[in-house]
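What you see below is based on every heavy atom in this structure, not just the backbone, and it leaves out hydrogens, waters and symmetry mates. Residue numbers start from 1 in every chain, and the chains themselves are labelled A, B, ... in the order their sequence lines are given, proteins ahead of strands.
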Amino acid sequence: MKQELERAVASSVKDLFDIKMAIELTRPDEQFGDYATNVALQLAKQIGQNPRQIAEAIRTHLLSLQGEALQKIEVAGPGFLNLTLSDRALIMAASEQAPKSLVGKVVVAEYSDPNPFKVLHAGHLYTSVVGDAIANLLQNAGATVHRVNFGGDVGLHVGKTIWAILNDLGGEIPDKLADIPESERSEWMAKCYVAGTNAYEDDETAKIKIIELNKQIYQINNEADHDSPLAQIYWTCRQWSYDYFDAFYARIGTKFEKYYPESSVAGLGLKTVQEQLEKGVFERSDGAVVFKGEPYSLHTRVFINHEGIPTYESKDVGLIMQKWVDYHFDRSVVITGNEQKQYMAVVLKAVEQFEPKLVAATSHLTHGLVKLVGGVKMSSRKGNILRAVDVLDAAASADQELTGHGSESTVLGAVKYAFLRVRMGGDIIYDPTESVSLEGNSGPYLQYAHARARSILAKAKVEGVEIKDLQPGERSLLRKISEFPEVIQQATTDLMPHYICTYLYELAQTFNRFYENNRVIGDDREPTRLNLVGKYAMTLKNGLNLLGIVAPERM
RNA sequence: GCGCCCGUAGCUCAGCUGGAUAGAGCGUUGGUUUCCGGUACCAAAGGUCGUAGGUUCGAAUCCUAUCGGGCGCACCA
């Protein structure tokens, strides 16, 4: 409906003034109508006429084009055109679906990116939630979406953990791993990481040993060693990490198709950078291989260090190339913390020199830190950083306190919504109590709104009645419902799921206002109103599902 | 020093491809009960949109400067 109207306005402008322009209709305040446009204001200068006169001319012309669909067109204020749909057109609009603009497209979505041998922290939970919602949006638009994960299975943090593991096992004795009960593996490894980190800082001999272990682990990877005792411990524990990640993702209702361990892309990255070094994209500097970012208002970064070892930069190059080899994507979305923004800009600029199409297809989104309200100081050295489970636990205990009986779907709904409702980029101040509340702008409020609507429907038989002759409250609700496809589309093109949150909350408010003043069951208009409640419940459910939040039938 | 991000009501945040009186939730104050899940609805109070300039018919939104906070700037990830 919106598109048709936009085309109609555009052709009015073309017919009247012989000017081609793209029209963007907006959703004004309800008092003004269903759609609005400021074309007349924009044209005023070009044409040199009074904007209100222009608006009047468009109005007349538009009525002749779209008389059926429009109940009225008004010229208001300095020259806005306010369009009000006929009931018939509004009813049609409310049944429309968001356009499937990405059918046939392949998208790779990379997010979460935890490191094996370390715990999942709050930031991992955040990207998992937001990344999942973004992936859902793209999928909803028809794309084939591949959710992938990247993480460091080599590097100093691995050396630290392995050092403590060896300490705990009493040496390079892989058989002793069998003594660790399955349920305690992830906890145990997390403890080992903390112990290793502390030892690295406090104990000079341990530090030397850790550095040595780190090199050995690189060797294990390079030589694909699966036999030596150390290698057996490394591979087993690495797998334990992936099992732990999988279990956590399953708990929050997401799933990754593939893990790209850093070790698996380092080779391709190194090879690529070396090739491009010869072609002049990279250059040597102080024994290292660097990309000079300054010509592009960026900074210089090292891709291969003076020992010939690929740095993180090269691994990211390898990752981009490997994703291309694996998927031949039309679009690639990468989500990381804000601190990687300028770093990634350099990597992408470097790759752009030899694979511009891959970079053109890539969007790098970044996010801030997750902090608990009240700002408890966390020391990563002691290992008491805010872990992913801490966030979930905080929500669970707030839920328990509020309701007396915890519910996992409420807890997940609460946390996910709290993360998703704000625009990505800034830090998240997470308030467990507020997130779990059934009052106000929260996930559980929307879940409850859905359950309530479903319970109305359960009490009566919904028949396929035609909606017509809308009363004001009914019209407001339907008008709000009709916005949904537009909101989805906007959220999808901007990769901003928070638009969905804002919308769903407004929708629930609109419904509650309607429901407060209009009886459904037992009213003369029961069939029509039940039909509206059905559409409303469906919209809420679809919206919540896009966000990765379950919409329960009852709660 | 250079660069990036952020600064909107007491708190947490929308609004930022420039437009009609700057919105919501929480909190505060006061209402509503013919109540289909009142875990709701209505209303009030509360804002120099960090500050100062500029562009524009029109700026929270664009530009410049400045203050405050966070982050990043070569062989870590």
> Given the rule in the side-chain contact (heavy atoms from CB on, under 4.5 Å) test, do F17(A) and I54(A) qualify, once you have shown the distances and angles that lead to the verdict?
Replying inline: CA-CA 9 Å; F17(A) 309 106; I54(A) 297 170; 3.6 Å; yes

>> Regarding E294(A), tell me which of base, sugar-phosphate or nothing describes its non-hydrogen contacts under 4.0 Å with the strands shown.
In response: nothing

Less than 3.5 Å apart, which donor and acceptor atoms pair up between the side chains of residues 19-29 of chain A and the rest of the protein, not counting sequence neighbours?
{"residue": "T26(A)", "atom": "OG1", "partner": "A36(A)", "partner atom": "O", "Å": "3.3"}
{"residue": "R27(A)", "atom": "NE", "partner": "E486(A)", "partner atom": "OE1", "Å": "2.9"}
{"residue": "R27(A)", "atom": "NH1", "partner": "D34(A)", "partner atom": "O", "Å": "3.4"}
{"residue": "R27(A)", "atom": "NH2", "partner": "Y35(A)", "partner atom": "OH", "Å": "3.0"}
{"residue": "R27(A)", "atom": "NH2", "partner": "S482(A)", "partner atom": "OG", "Å": "3.1"}
{"residue": "R27(A)", "atom": "NH2", "partner": "E486(A)", "partner atom": "OE2", "Å": "3.1"}
{"residue": "D29(A)", "atom": "OD2", "partner": "Q31(A)", "partner atom": "NE2", "Å": "3.1"}

> Taking T492(A) as the fixed residue, which of L137(A), V487(A), L546(A) is the one that meets the side-chain contact (heavy atoms from CB on, under 4.5 Å) rule?
Replying inline: L137(A)

> Is S435(A) reaching over with its side chain to a backbone N or O of P432(A), donor-acceptor style, under 3.5 angstrom?
Replying inline: yes

> Stems in RNA chain B: runs of 3 or more consecutive Watson-Crick or G-U pairs, distances under 3.5 Å?
Replying inline: B:1-7 with B:67-73, B:10-13 with B:23-26, B:28-32 with B:40-44, B:50-54 with B:62-66

> Under the salt bridge (Lys or Arg N to Asp or Glu O under 4.0 Å) test, which residues partner R59(A), sequence neighbours left out?
Replying inline: E56(A)

> Which residue pairs satisfy the salt bridge (charged side-chain N to carboxylate O under 4.0 Å, His left out) criterion with at least one member in residues 282-305 of chain A, sequence neighbours excluded?
Replying inline: R301(A)-E313(A)

> For RNA chain B, whose closest nucleotide is more 5', that of G151(A) or that of F514(A)?
Replying inline: F514(A)

>> Quick check for you: among C35(B), C73(B), C71(B), whose closest atom lies nearest to any side-chain atom of R519(A)?
In response: C35(B)

> Rounded to the nearest Å, what distance is computed from the CG atom of residue D431(A) to the P atom of nucleotide A24(B)?
Replying inline: 21 Å

> Can you find an N or O donor on one side and an acceptor on the other, under 3.5 Å apart, linking the side chain of Q447(A) with the base of U39(B)?
Replying inline: no

Show which side-chain atoms of residues 501-509 of chain A pair as donor or acceptor with protein atoms under 3.5 Å away, not counting sequence neighbours.
{"residue": "T502(A)", "atom": "OG1", "partner": "H498(A)", "partner atom": "O", "Å": "3.1"}
{"residue": "Y503(A)", "atom": "OH", "partner": "K480(A)", "partner atom": "O", "Å": "2.6"}
{"residue": "E506(A)", "atom": "OE1", "partner": "K480(A)", "partner atom": "NZ", "Å": "2.8"}

> F150(A) and Y260(A): aromatic ring centres closer than 6.0 Å?
Replying inline: no

>> Can you confirm if the aromatic rings of Y417(A) and Y445(A) lie within a centre distance of less than 6.0 Å?
In response: no

> Hey, can you pull the residues of residues 437-446 of chain A with a non-hydrogen atom under 4.0 angstrom from RNA chain B?
Replying inline: L438(A), E439(A), G440(A), N441(A), Y445(A)

> Distance between the P atoms of G70(B) and U8(B), in whole angstroms?
Replying inline: 15 Å

> Any idea how Y430(A) and F419(A) line up, ring-wise: parallel (<30°), tilted (30 to 60°), or perpendicular (>60°)?
Replying inline: perpendicular

> Are Y312(A) and C76(B) stacked, counting the six-membered base ring, centres under 5.5 Å, planes under 30°?
Replying inline: no

> Say you pick atom C1' in A24(B) and the same atom in G3(B); how far apart are they, in whole Å?
Replying inline: 35 Å

Identify all pairs in which a protein N or O lies below 3.5 Å from an N or O of nucleotides 30-33 of chain B, and state each distance.
none

> Quantified in whole Å, what is the P atom distance between nucleotide C2(B) and nucleotide U64(B)?
Replying inline: 15 Å

>> Taking salt bridge (charged side-chain N to carboxylate O under 4.0 Å, His left out) as the cut-off, I'd like each qualifying pair that reaches into residues 507-519 of chain A, sequence neighbours left out, listed once.
In response: none

> Closest to the I521(A) side chain: U21(B), A77(B), C36(B)?
Replying inline: C36(B)

>> If I take atom NE2 in residue H157(A) and atom P in nucleotide A77(B), what distance separates them, rounded to the nearest angstrom?
In response: 10 Å

>> Quick one: does any side-chain atom of N115(A) pair with a main-chain N or O of G152(A) as donor and acceptor, under 3.5 Å?
In response: yes

>> Heavy atoms only, 4.0 Å cut-off, all strands: where does A451(A) land among base, sugar-phosphate and nothing?
In response: base

Distance-only donor-acceptor hits, side chain of residues 207-217 of chain A, under 3.5 Å, sequence neighbours excluded:
none

>> Assess whether a salt bridge exists between K349(A) and E352(A), defined as any Lys/Arg side-chain N lying under 4.0 Å from an Asp/Glu carboxylate O.
In response: yes

> Using the C1' atom in both, what is the distance from A20(B) to A65(B), to the nearest Å?
Replying inline: 31 Å

> In whole Å, what separates the P atom of U66(B) from that of C76(B)?
Replying inline: 36 Å

> Taking the six-membered ring for Trp, are Y259(A) and Y242(A) parallel (under 30°), tilted (30 to 60°) or perpendicular (over 60°)?
Replying inline: tilted

>> Whole angstroms only, please: what is the OH-P distance between Y448(A) and A40(B)?
In response: 8 Å

>> Say we look at C41(B) and G25(B): how far apart would their C1' atoms be, to the nearest angstrom?
In response: 15 Å

> Is S455(A) touching bases, backbone alone, or none of the nucleic acid, heavy atoms closer than 4.0 Å?
Replying inline: base

Taking only N/O atoms, report every protein-nucleotides 3-9 of chain B pair under 3.5 Å with atom names and distance.
{"residue": "G3(B)", "atom": "O2'", "partner": "Q342(A)", "partner atom": "NE2", "Å": "3.0"}
{"residue": "G3(B)", "atom": "N2", "partner": "Q342(A)", "partner atom": "OE1", "Å": "2.6"}
{"residue": "G3(B)", "atom": "N3", "partner": "Q342(A)", "partner atom": "NE2", "Å": "3.1"}
{"residue": "C4(B)", "atom": "O4'", "partner": "Q342(A)", "partner atom": "NE2", "Å": "3.2"}

>> Mind checking if N518(A) touches a base, just sugar-phosphate, or nothing, with heavy atoms under 4.0 Å?
In response: base

>> Can you build the contact string for nucleotides 10-20 of chain B? Use B for base contact, S for sugar-phosphate-only contact, and - for no protein heavy atom under 4.0 Å.
In response: --BSSSB--BB

> If you check every side-chain atom of Y505(A), which of A74(B), G25(B), C41(B) has the closest atom?
Replying inline: G25(B)

>> Applying side-chain hydrogen bond (donor to acceptor under 3.5 Å, both in side chains), can you list everything that pairs with S128(A), at least two apart in sequence or on another chain?
In response: S112(A)

> NA contact type, E307(A), heavy-atom cut-off 4.0 Å: base, sugar-phosphate, or nothing?
Replying inline: nothing

> Does C36(B) have OP1 or OP2 sitting under 4.0 Å from an N or O in the side chain of R452(A)?
Replying inline: no

>> Whether the side chain of R479(A) engages the backbone of G33(A) through a donor-acceptor N/O pair (distance < 3.5 Å, no angle test) should be reported.
In response: yes

> Taking the side chain as C-beta and beyond, is there a heavy-atom pair between H450(A) and S455(A) under 4.5 Å?
Replying inline: no

> With a 3.5 Å cut-off and just heavy-atom distances, do the side chain of S285(A) and the base of A74(B) make a donor-acceptor pair?
Replying inline: yes

>> I'd like the P distance from U34(B) over to G30(B), given in whole Å.
In response: 22 Å

> Does the ring centre of H157(A) sit less than 6.0 Å away from the ring centre of Y193(A)?
Replying inline: no

> In whole angstrom, what separates Y200(A)'s OH from A77(B)'s P?
Replying inline: 11 Å

> In whole angstrom, what separates K118(A)'s NZ from A77(B)'s P?
Replying inline: 12 Å

> Is H306(A) touching bases, backbone alone, or none of the nucleic acid, heavy atoms closer than 4.0 Å?
Replying inline: base

>> Taking only the C1' atom of each, what is the distance from U61(B) to C6(B) in whole angstrom?
In response: 15 Å

